[in-house]
Amino acid sequence: MAGSRILAQVVAKVSGRLAVAGVLAAVALPAAAQGLKYDVHIDAPAPLRELLEQNLDLLRFRGNARMDREQLVRLVRAAPAQVKTLAATDGYYSPVVEARLDRDGDTPRVELSVQPGEPVRVGDVDLELRGFAPVPDLPPEKQFDTTALKAGWTLKKGQVFRQTDWEQAKRGLLRQVVQTRYPRAQLTDTQATVDPDNHVAALRVVLDSGPELRFGELRVEGLKRYPAAIVRNLNPIHPGDYYSEAALQSYQARLQDTGYFSSVEVSADMGAVLNEQLEAGAATPKQNAEAAMAPLPLLVRVTENKRRNVSAGLGFSTNTGNRASLAYDDLSVFGLRMKSALTLETKKQTARSDFYFPTTVDGYNDSFGASFERSDISGEVTSVASVAGKRAWGTPLLERSLSLELLTETKTLDGIPSSTSKSLPLTYAVTWRKLDNLLFPTRGYALNAQLGGALLPILTDEAFVRGYARAVWYRPLTTSTNLILRAELGALASRDKNGVPAVYQFRAGGDQSVRGYAFQELGVHEGEAITGGRYLATGSAEFQYWFKPAYGMAVFYDAGNAGDTFSALHPKSGYGAGGRWKSPVGPINVDVAYGHAVHKYRLHFSLGFTF
């Protein structure tokens, strides 16, 4: 056994792109002419053959302008040693290698035969954790779980010992520690002792935790125009919290989502602690230990976005027709963020402006705004002016909001003014999402529910209560097919429906409702016009097949209606087929649907189902 044990650290220094000493030392120059042409055939198991084809000098230097027969002979002679070194990185320490140069014929041919033999497998794993002392007065469930850390070691006993797996296992172990509580952890000793005779590798890893660190006070750099509350109020990290990379990334994402900053960097300011130690000068070992465990300042560096932004666009919707839009945003109007837009569509024209307060310490997003909207849909023309205030809070998985709106509405049917109403409704809305992917969901559900109304005789012509719910359910059937089910329900209670603004009544039809019918074509008939009803019920089933990861097709069946009574909800059906594309902004759907009640085909274009 003498000399049979070697340390795998020697193998670790092999980068996979080995060079034969003295061979083609200056081959980096571009080839002005073709050198000696030759073929290489490697007889080896597929994974090993691929490794050799990517790294063997015989293949790397083939076609080089300086290649000649003498250089080729030197490469063939050096090939067995190089193959053995490369094979060792893949777990084969005793390969049998033969290299032969066949000079017969016009083109020389190199025959390389590799019998890898039995691979070296992982034997004993000595994983030593140093530090990680239990924290006094901390419950057991909140202590750092060293048992789980050891159980998470990925290179298990019996696995083939490959260099890449060895490096990944060490990095993975260290990553689990430095990402939470112990950012200064280090691997102080790592050894892989390989016994090629017995085909076993003994592993030893020593991990020192270093000091357990906590966050300190917040420090902000880069703010010029915008209030510090924008950064401070979104901070979920409190002084004394354990260091956590996940918390830093979450905070950074929240700041980026505000729109105030073109770049955001959130980090623990370890440099500040080191500087404080240097400024303190010579210190006792006890003082150095205390300094090493000092709280890490939470540092936020931001680059502010430009304050004002103007954008314009043209588009088309199968619901509302041609579209032209103009938007103006200002990130600092009396300390508030303003978003305003003018949208002109064939069937609808809207102008609105909203002002947003910075998110509060408690996580509330408050806003207020005003809008004017005119629509001409199915013979009903409405003009609505409103002012509203809203408070929203929660997460993408559970969003909630409370809004109060004062609006006045003028409605015209068949060209004849019919009513003017005003109302002051209060609405509570909640959205639940449990999806595998918020942009391209294939499993889970999304549910939105609203309950509100105008119950007090204050700035209100007709008291009412309104409820609405919409749900989408996603279910994968196979790796390339999935099912989508959608349902929508609504109900309105009031003494006189005519006093309730049309925007709080219900109609159906269109891209996101019952396909095969025009936008809001299904409702209550009044003469030649269609108005909203008290009740709404729609449903949809869609089967999707993805023939490529980003491209698919679908067949669907939709049904539903809106009316003033339950008996009037006799469902109108639509069915058809369409194409799907997973675009960078979400799933784009192009459908052709047949409306059974109107005996017409209709094209529908929409962007996803998710809300």
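Numbers here simply count residues along the sequence, with the first being 1.
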Taking the side chain as C-beta and beyond, is there a heavy-atom pair between Lys434 and Leu397 under 4.5 Å? no

Let me see the working for Arg162 and Leu155 under side-chain contact (heavy atoms from CB on, under 4.5 Å), right down to the final yes or no. CA-CA 9 Å; Arg162 294 186 175 90; Leu155 193 54; over 6 Å; no

Which atoms form the tightest heavy-atom contact between Pro584 and Leu439, and what is the distance? O-CD2, 3.9 Å

Which atom pair, heavy atoms only, marks the closest approach of Arg181 to Leu138? NH1-CD2, 4.1 Å

State, with a plain yes or no, whether a side-chain heavy atom of Leu207 is found less than 4.5 Å away from one of Leu149. yes

Specify the closest pair of heavy atoms between Asp558 and Ser540, including all atoms of both residues, with the distance to one decimal. OD1-OG, 2.5 Å

Quick one, Tyr182 and Phe132 - any side-chain contact, counting heavy atoms below 4.5 Å? yes

Using only atom types and a distance under 3.5 Å, with no angle test, would you say the side chain of Asn319 pairs donor to acceptor with the backbone of Asp511? yes

Do other residues, nucleotides or ligands put more than 12 heavy atoms under 6.0 Å from the NZ atom of Lys156? yes

Verify side-chain contact (heavy atoms from CB on, under 4.5 Å) between Tyr251 and Asn235, making sure each step is shown before the conclusion. CA-CA 6 Å; Tyr251 186 21; Asn235 181 17; 3.5 Å; yes

Return the CD1 to OG distance between Ile588 and Ser606, rounded to the nearest 0.5 Å. 9.0 Å

Between Arg507 and Phe519, is a side-chain contact (heavy atoms from CB on, under 4.5 Å) present by the stated rule, with each step listed? CA-CA 9 Å; Arg507 295 203 282 188; Phe519 180 55; over 6 Å; no

Would you find more than 12 non-hydrogen atoms of other residues, nucleotides or ligands less than 6.0 Å from Gln186 atom CD? no

Pair Tyr243, Glu212: side-chain N/O donor-acceptor within cut-off below 3.5 Å: no

Checking Ser367 against Asp354: is there a side-chain donor and acceptor pair closer than 3.5 Å? no

Thr431/Glu399 under side-chain hydrogen bond (donor to acceptor under 3.5 Å, both in side chains): CA gap, chis, key distance, verdict: CA-CA 5 Å; Thr431 299; Glu399 293 182 1; 4.9 Å; no

Would a 4.5 Å heavy-atom cut-off, applied to side chains only, mark Glu542 and Gln544 as touching? yes

Do Arg391 and Asp366 pass the salt bridge (Lys or Arg N to Asp or Glu O under 4.0 Å) test, and can you show the C-alpha distance, the side-chain angles, and the key distance before you say yes or no? CA-CA 4 Å; Arg391 165 164 283 190; Asp366 298 326; 2.7 Å; yes

Could you tell me whether the side chains of Thr89 and Gln163 share a donor-acceptor contact shorter than 3.5 Å? no

Can you find a pair of side-chain heavy atoms, one from Asp257 and one from Arg254, that are under 4.5 Å apart? no

Would you say the side-chain atoms of Arg225 pair up with the backbone N or O of Leu331, donor to acceptor, closer than 3.5 Å? no

Run the side-chain contact (heavy atoms from CB on, under 4.5 Å) test on Leu398 and Trp432 for me, step by step, so that the C-alpha distance in whole Å, both residues' side-chain angles and the decisive distance to 0.1 Å come before the verdict. CA-CA 5 Å; Leu398 176 59; Trp432 294 271; 3.4 Å; yes

To the nearest 0.5 Å, what is the distance between CZ on Phe215 and CG on Leu296? 7.5 Å

For Tyr504 and Leu407 the tightest heavy-atom approach is CE1-CD2, 3.6 Å

What I want to check is whether the side chains of Ser262 and Thr303 have a donor and an acceptor closer together than 3.5 Å. no

How about OH on Tyr428, more than 12 heavy atoms from neighbouring residues, nucleotides or ligands closer than 6.0 Å, or not? yes

Is the backbone N or O of Arg534 less than 3.5 Å from a side-chain atom of Arg466, with the two atoms forming a donor-acceptor pair by type? no

side-chain hydrogen bond (donor to acceptor under 3.5 Å, both in side chains) between Thr427 and Ser403: does it pass, once the steps are laid out? CA-CA 5 Å; Thr427 302; Ser403 58; 4.6 Å; no

Hey, is Arg308 close enough to Asp330 for a salt bridge, meaning N to O under 4.0 Å? yes

Report yes or no: does Thr478 contribute a side-chain atom to a donor-acceptor pair with the main-chain N or O of Ser480 at less than 3.5 Å? yes

Say whether, by atom type as modelled, one donor and one acceptor occur between the side chain of Gln252 and the main chain of Val266 under 3.5 angstrom. yes

Any non-hydrogen side-chain atom of Val472 less than 4.5 Å from a side-chain atom of Ile484? yes

Rounded to the nearest 0.5 Å, what's the gap from CD on Gln512 to CG on Leu607? Could you check? 8.5 Å

Closest heavy-atom contact between Pro396 and Leu438? CB-CD1, 4.0 Å

Tyr242 six-ring face occupied by Arg214 cation (under 6.0 Å, within 45°): yes

So, do Thr481 and Tyr545 sit near enough that their side-chain heavy atoms are less than 4.5 Å apart? yes

Working to the nearest 0.5 Å, report the span between NZ of Lys390 and CZ of Phe368. 15.0 Å

Closest heavy-atom contact between Tyr226 and Arg307? OH-CA, 3.3 Å

Could you tell me if Thr343 and Thr350 have a donor-acceptor pair between their side chains, going purely by distance under 3.5 Å? no

Is the shortest side-chain N to carboxylate O distance from Asp145 to Lys150 below 4.0 Å? no

Can you label the angle between the Trp581 ring and the Tyr551 ring as parallel, tilted or perpendicular, going by 30° and 60°? parallel

For the pair His596 (side chain) and Lys572 (backbone), establish whether a donor and an acceptor sit closer than 3.5 Å, ignoring hydrogens and angles. no

Can you measure from OG1 (Thr180) to CD (Glu245) and round to the nearest 0.5 angstrom? 9.0 Å

Is it the case that over 12 heavy atoms from other parts of the model lie below 6.0 angstrom from the OH atom of Tyr601? no

When rounded to the nearest 0.5 angstrom, what is the spacing between CZ in Arg470 and CG in Asn448? 8.5 Å

Does a donor on one side chain and an acceptor on the other come within less than 3.5 Å for Trp393 and Asp362? no

Is there a donor-acceptor pair closer than 3.5 Å between any side-chain N or O of Asp436 and the backbone N or O of Thr442? yes

Contact check, side chains of Tyr517 and Asn561, non-hydrogen atoms, under 4.5 Å: no

Without swapping roles, check the side chain of Thr258 against the backbone of Tyr260 for a donor-acceptor pair under 3.5 Å. yes

Strictly distance-based, threshold 3.5 Å: is any side-chain N or O of Thr359 a donor or acceptor partner for the main-chain N or O of Asn233? no

